[in-house]
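What follows is one structure encoded as structure tokens, with my remarks underneath.
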Amino acid sequence: MIDWVQAFWLALLQGLTEFLPISSSAHLIIPSLIWQWPDQGLAFDVAVHVGTLAAVVVYYRRDLSLLLGGCTTAIVERKSNEHSRLLACLAFASVPVGLMGLLAVEFVEQYLRNLPMIAAATLLFGLLMAYADRHTKGRSTFKDITLSLAIIIGLFQALAPWPGVSRSGITITAALLLGLSRPDAARFSFLLSIPVISGAGLLKTTELVRSGVAVDWLLLGAAAFTASVVAFASIALFLRLLDRVGLMPFVYYRIALALVLFGLWLA
């Protein structure tokens, strides 16, 4: 079981990196690989997932209200509208990563959660993100997202269980390659995180209930709160930076991180 200091740093890492295109899973694995920290456990995973989910829901509360209102209107009028179509896009785009998470969990655990594979993913998908940021026009808007485009983004997102890929990074990259502007790519990516995080949290909660493991509710509450506050600030800061300087600072960070990880592996 992790102690309070480890819980604080892991919750801070989760909140800071969940929505930045630098891979939260990679950053959470690194302490255990380098400093031999104990596994944080299912209960902690559930807590920080709840925290980051709360952050993105609060940040995009107006969008969610419009989506749900539009869906209700579509059901009553029996006619689709802009918001109900977008909600359908988000739902279909979430399917590939859900299937990947269920079917490939053992493969990921056995072959991809190690320093060289994390470093490789960090570097390769960082370079792809650089290409997308520098070579795409970004003329399409949020309203131009179709079901086919959403499914393509969802297929890219299916790579997210590989630590180092970054769910937000790969979905923003895919959206840019498909012609969306930076702000709209990030907006769709963050809204897409809601069903993904919810599904992962529900799965982990089910496993936790079945395990019957005793939990430290005070520690978990503090971890959830820390992850939530930091994640909210992280979303706001990222969107400001994205609008001003683009994705290249995160690309440089990923390259540096990959080199450090390769160095630790070779050492």
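- Partners of Ser181 under the side chain to side chain donor-acceptor pair (under 3.5 Å) rule, at least two apart in sequence or in another chain, are Asp184.
- Applying the side chain to side chain donor-acceptor pair (under 3.5 Å) rule to Asp243 yields no partners; only residues at least two apart in sequence or on another chain are considered.
- Atom CD1 of Ile22 and atom CG of Leu247 lie 12.0 Å apart (nearest 0.5 Å).
- Partners of Asn114 according to the side chain to side chain donor-acceptor pair (under 3.5 Å) rule, which considers only residues two or more places apart in sequence or in another chain, do not exist here.
- In this structure, the side chains of Pro161 and Val105 stay at 4.5 Å or more apart for every pair of heavy atoms.
- Considering only residues two or more places apart in sequence or on other chains, Phe225 meets the side chain to side chain contact (heavy atoms under 4.5 Å, CB included) condition with Val229.
- At a threshold of 4.5 Å between non-hydrogen side-chain atoms, the residues Pro183 and Leu239 do not count as touching.
- Listed by first then second residue, pairs satisfying salt bridge (charged side-chain N to carboxylate O under 4.0 Å, His left out) with a partner in residues 54-73 read Asp63-Arg187, not counting sequence neighbours.
- In terms of hydrophobic clustering, with Ile, Leu, Val, Met, Phe, Trp and Tyr side chains grouped at heavy-atom distances under 4.5 Å, Leu237 and Phe19 are assigned to a common cluster.
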Exercise. Checking side-chain contact (heavy atoms from CB on, under 4.5 Å) for the pair Leu191/Leu64: CA distance, chi angles, key distance, verdict?
Worked result: CA-CA 8 Å; Leu191 287 173; Leu64 293 174; 4.2 Å; yes

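- In this structure, Cys89 SG and Leu149 CG are separated by 8.0 Å, a value rounded to the nearest 0.5 Å.
- Summarising the geometry of Ala231 relative to Ala55, their closest heavy-atom pair is CB-CB, 3.6 Å, with the distance given to 0.1 Å.
- Nearest approach of Val196 to Ser94, heavy atoms of both residues: CG2-OG, 4.5 Å.
- Within the structure, every pair that satisfies the side-chain hydrogen bond (donor to acceptor under 3.5 Å, both in side chains) test and touches residues 148-163, not counting sequence neighbours, is listed here: Thr146-Ser148, Gln157-Arg167.
- The aromatic rings of Phe107 and Tyr111 are tilted relative to each other, their planes meeting at an angle between 30° and 60°.
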Exercise. Can you list the steps and then say if Gln14 with Leu10 is a side-chain contact (heavy atoms from CB on, under 4.5 Å)?
Worked result: CA-CA 6 Å; Gln14 175 72 27; Leu10 289 174; over 6 Å; no

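- In this structure, the side chain of Ser189 does not engage the main chain of Ala185 through any donor-acceptor pair within 3.5 Å.
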For this session: Apply side-chain contact (heavy atoms from CB on, under 4.5 Å) to the pair Phe232 and Val58, showing each step before the final yes or no.
Result: CA-CA 8 Å; Phe232 188 92; Val58 171; 3.9 Å; yes

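- Side-chain atoms of Phe188 and Leu90, non-hydrogen and from C-beta on, do get closer than 4.5 Å to each other.
- Checking side-chain atoms of Ser234 against main-chain N and O of Val230 turns up no donor-acceptor pair under 3.5 Å.
- Val48 and Val57 fall within the same hydrophobic cluster, defined by Ile, Leu, Val, Met, Phe, Trp and Tyr side-chain heavy atoms under 4.5 Å apart, directly or through other members.
- Connection of Met248 to Val245 is established within a shared hydrophobic cluster, with ILVMFWY side chains joined at heavy-atom distances below 4.5 Å, either directly or through further cluster members.
- Ala74 meets the side chain to side chain contact (heavy atoms under 4.5 Å, CB included) test with Asn81, Ser84; sequence neighbours excluded.
- Scanning all heavy atoms of the two residues, the minimum distance from Ala150 to Ala93 falls at O-CB, 3.2 Å.
- Between Phe44 and Leu219 the shortest side-chain heavy-atom distance falls below 4.5 Å.
- Leu86 and Val76 fall into different hydrophobic clusters, where Ile, Leu, Val, Met, Phe, Trp and Tyr side chains are chained together by heavy-atom contacts under 4.5 Å.
- In this structure, Ser228 contributes its side chain and Ala224 its backbone to no donor-acceptor pair below 3.5 Å.
- For residues 70-88, no residue pair satisfies the salt bridge (charged side-chain N to carboxylate O under 4.0 Å, His left out) rule, not counting sequence neighbours.
- Residue pairs meeting the ring-ring contact (aromatic ring centres under 6.0 Å, His included) criterion with at least one member in residues 238-263, sequence neighbours excluded, are His27-Tyr253, Phe190-Phe238, Phe238-Phe250.
- For residues 63-96, no residue pair satisfies the ring-ring contact (aromatic ring centres under 6.0 Å, His included) rule, not counting sequence neighbours.
- In this view, Leu124 satisfies the side chain to side chain contact (heavy atoms under 4.5 Å, CB included) rule with no residue, not counting sequence neighbours.
- Counting only heavy atoms from C-beta outward, the side chains of Cys71 and Leu67 never approach each other to under 4.5 Å.
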Problem set entry | Residues Arg254, Ser166; criterion side-chain contact (heavy atoms from CB on, under 4.5 Å); working and verdict | CA-CA 10 Å; Arg254 289 180 68 117; Ser166 170; 3.5 Å; yes

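- For the atom pair Leu242 CG and Asp133 CG, the distance stands at 7.5 Å (nearest 0.5 Å).
- In this structure, OG1 in Thr171 is found 11.0 Å from CG in Leu180, a value given to the nearest 0.5 Å.
- Between Ser23 and Pro163, the closest heavy-atom pair is OG-C, 4.0 Å.
- Rounding to the nearest 0.5 angstrom, the gap separating the CG atom in Leu176 from the OG1 atom in Thr136 is 4.5 Å.
- Ile255 meets the side chain to side chain contact (heavy atoms under 4.5 Å, CB included) test with Leu123, Leu127, Val251, Leu259; sequence neighbours excluded.
- More than 12 heavy atoms of other shown residues, nucleotides or ligands fall within 6.0 angstrom of atom CH2 in Trp4.
- Atom CD in Glu18 sits 9.0 Å away from atom CD1 in Ile235 (nearest 0.5 Å).
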